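In what follows, a structure is listed as structure tokens, so that the remarks can point back to it.
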Amino acid sequence: MPELPEVETVRRGLLKIAKGRKINAIDVYYGKTITNDVEDFRQALIGQTIEDIDRRGKYLLFRFSNNLTMVSHLRMEGKYYNQPIGGPIDKHTHVVFQFTDGTELCYHDTRKFGRMTLVETGDEKTVGGLKTLGPEPTAADFKLAFFQDELGRSRGKIKPFLLNQRHVAGLGNIYVDEVLWMSKINPEQPANSLTPDQAAVLHDNIIKELAVATKYKGTTVHSFTNAFGDAGGFQERLNAYGRGGEKCPRCGAKMVKIKVAQRGTTFCPHCQPLVED
DNA sequence: CGAATTGTTGAGCG
DNA sequence: TCGCTCAACAATTC
């Protein structure tokens, strides 16, 4: 469930518990988490120091002293936590990095969907979705003209369009429902049918919503916690996601939950009407 | 006990 | 070649 605000929150936590630490040993309990050869991965990183941790979209980039970068994607339920070496792990702890200072960083993932890939720094673009990842959802990177151009070339529904990381990085199911609600746009509206005003409002809301959610340290739904095990604070500010059957916070009409592109989708039929041609 | 849940890739189709 | 749809992945909760 981690979308951009949650991944950024994790990154900030990792800076405090992992940056500057030197790896003394690595235990791998579930090999598929690592897409490289596991032995190559271990040999390349043992003895190296985590110099910095960056983020691109929902991808974490661990920068190592030997010009290597570990790309880590949490997918559904991946999470990192630290503890003294030898602390408790369970059957969902798949990788443990032991540091020379007596602490260890554990990667835990109940669904086993998350992946780590080690590449030469600068070659990150060869990793999975980073090849085609769209701009960061910031005013500096995410240009309205680009967004309008992409919208115009897509006949698909706006919700799957926004979930596609090629168009803009960082949105997932929760924040797509939120920004569409804020923008009063129906999730099934064809992307190329949005008016210029709607496109501009949507563009601004994507930037604002993700920035505000990041400020609140993300949304805790089901299981998300940051690197310290704390809950995020944004879930109390959600207006659409998880509110199927409830009253719309804006107009009081009953919110509806449907499936769009195989995903649970909540919206207000009154505020977000489908506009036919 | 089947359905729902989530992000991303890749196959298949037109 | 491109864009869209859908299956697959995995495990837990309801």
Side-chain angles (χ1 to χ4, degrees), chain A residues 1-11 29-35 55-61 71-80 89-95 107-117 124-134 136-137 146-147 149-180 187-194 206 210 213 218-225 232 234-235 238 240-245 256-266:
Chain A
M1 218 147 299
E3 303 175 33
L4 189 146
E6 293 77 37
V7 177
E8 176 61 17
T9 301
V10 169
R11 187 186 75 85
Y29 299 98
Y30 181 70
K32 281 176 72 176
T33 297
I34 294 161
T35 61
R55 180 191 56 73
R56 177 79 174 88
K58 303 175 194 173
Y59 296 79
L60 290 165
L61 306 169
V71 180
S72 170
H73 196 298
L74 306 173
R75 292 287 190 106
M76 310 287 305
E77 301 196 45
K79 45 187 71 73
Y80 286 100
I89 61 171
D90 65 22
K91 64 174 180 175
H92 301 302
T93 302
H94 305 312
V95 184
Y107 177 72
H108 185 279
D109 186 351
T110 54
R111 301 272 177 99
K112 297 182 174 174
F113 269 21
R115 292 292 180 264
M116 299 174 188
T117 302
E124 297 89 342
K125 282 192 167 55
T126 62
V127 177
L130 284 173
K131 274 178 222 160
T132 53
L133 193 59
E136 289 291 308
F146 165 82
F147 186 52
D149 191 50
E150 295 277 289
L151 283 168
R153 294 196 292 110
S154 174
R155 274 170 292 175
K157 297 171 179 177
I158 187 65
K159 172 151 183 176
F161 176 94
L162 294 176
L163 287 172
N164 187 336
Q165 305 293 300
R166 289 167 180 250
H167 301 131
V168 59
L171 292 168
N173 206 35
I174 296 174
Y175 294 113
V176 166
D177 279 6
E178 292 302 307
V179 297
L180 289 174
E188 299 195 280
Q189 194 72 41
N192 64 4
S193 76
L194 265 61
I206 289 169
L210 292 176
T219 300
T220 296
V221 188
H222 301 149
S223 66
F224 171 74
T225 56
F234 196 69
Q235 59 278 1
L238 296 176
Y241 182 87
R243 289 182 177 269
V256 168
K257 183 170 182 181
I258 62 171
K259 283 255 184 197
V260 178
Q262 332 287 111
R263 298 296 181 234
T265 300
T266 306

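Note that this is a predicted model, so its numbers are computed, not measured.
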*To the nearest Å, give me how far apart NZ (A:Lys257) and P (C:dC14) are.*
13 Å
*asked:* Is it the case that the base of B:dG7 and the side chain of A:Arg111 share a donor-acceptor contact (distance under 3.5 Å, atom types as modelled)?
replied: no
*A:Arg153 side chain near C:dG3 phosphate (N/O to OP1/OP2, under 4.0 Å)*: yes
*Measure from CD1 on A:Ile158 to P on C:dT5 and round the result to the nearest Å.*
12 Å
*Separation of B:dG7 P from A:Asp177 CG (nearest whole Å)*: 10 Å
*Taking the nucleotide of DNA chain C with the closest heavy atom to each, which residue, A:Arg263 or A:His167, is nearer the 5' end?*
A:His167
*Name the orientation class of the two ring planes belonging to A:Tyr30 and A:His94 (parallel below 30°, tilted from 30 to 60°, perpendicular beyond 60°).*
tilted
*With the sugar-phosphate defined as primed atoms, P, OP1 and OP2, and the base as all remaining atoms, what B/S/- string results for nucleotides 9-14 of chain B, 5' to 3', for protein heavy atoms under 4.0 Å?*
S-----
*Do A:Lys58 and A:Glu3 meet the salt-bridge criterion of a basic N to acidic O distance under 4.0 Å?*
no
*Please determine, by modelled atom types, if A:Tyr107 and A:Ser72 share a side-chain donor-acceptor pair under 3.5 angstrom.*
no
_Any side-chain to backbone donor/acceptor pair from A:Arg75 onto A:Asp109? Under 3.5 Å, distance only._
no
*Nucleotide C:dC2, atom P - distance to CZ of A:Arg166 in whole Å*: 9 Å
*Could you state the CG-C1' distance from A:Leu60 to B:dT8, rounded to the nearest angstrom?*
16 Å
*Can you check whether A:Thr266's main-chain N or O pairs, donor with acceptor, with A:Asp177's side chain at less than 3.5 Å?*
yes
*Distance below 4.0 Å between A:His73 side-chain N/O and B:dT8 OP1 or OP2*: yes
*asked:* When you measure from the side-chain N and O atoms of A:Lys32 to the phosphate of C:dA10, is any distance below 4.0 Å, counting only OP1 and OP2?
replied: yes
*CZ of A:Arg115 versus C1' of B:dT8: gap in Å, rounded?*
11 Å
*Among A:Lys79, A:Glu77, A:His92, find the one that has a side chain to side chain donor-acceptor pair (under 3.5 Å) with A:Thr110.*
A:Glu77
*Check the distance between C:dA10's P and A:His108's NE2 and give it to me in whole angstrom.*
17 Å
*Would you mind telling me which residue lines up with the more 5' stretch of DNA chain C, A:Ala261 or A:Tyr30, judged by nearest nucleotide?*
A:Ala261
*Considering just the side-chain nitrogens and oxygens of A:His92, establish if one lies under 4.0 Å of OP1 or OP2 belonging to C:dT12.*
yes
*Report yes if a side-chain nitrogen or oxygen of A:Ser154 is closer than 4.0 Å to either non-bridging phosphate oxygen (OP1 or OP2) of C:dC4; otherwise report no.*
yes
*Base, sugar-phosphate, or nothing: which does A:Lys259 touch, judged by heavy atoms less than 4.0 Å apart?*
sugar-phosphate
_C:dC9, OP1 or OP2 - any side-chain N/O from A:Lys112 closer than 4.0 Å?_
no
_Side-chain N or O of A:Gln165 closer than 4.0 Å to phosphate OP1/OP2 of B:dT8_ = yes
*asked:* So if I take every side-chain heavy atom of A:Lys91 and compare against C:dA10, C:dT12, B:dT8, which nucleotide ends up nearest?
replied: C:dT12
*Quick one: A:Phe113 CZ to B:dT8 C1', roughly how many Å, whole number?*
9 Å
_Using modelled atom types and a 3.5 Å cut-off, is there a donor and acceptor pairing between side-chain atoms of A:Arg155 and backbone atoms of A:Gly152?_
no
*Is any side-chain N of the basic residue among A:Glu150 and A:Arg166 closer than 4.0 Å to the acidic one's carboxylate O?*
no
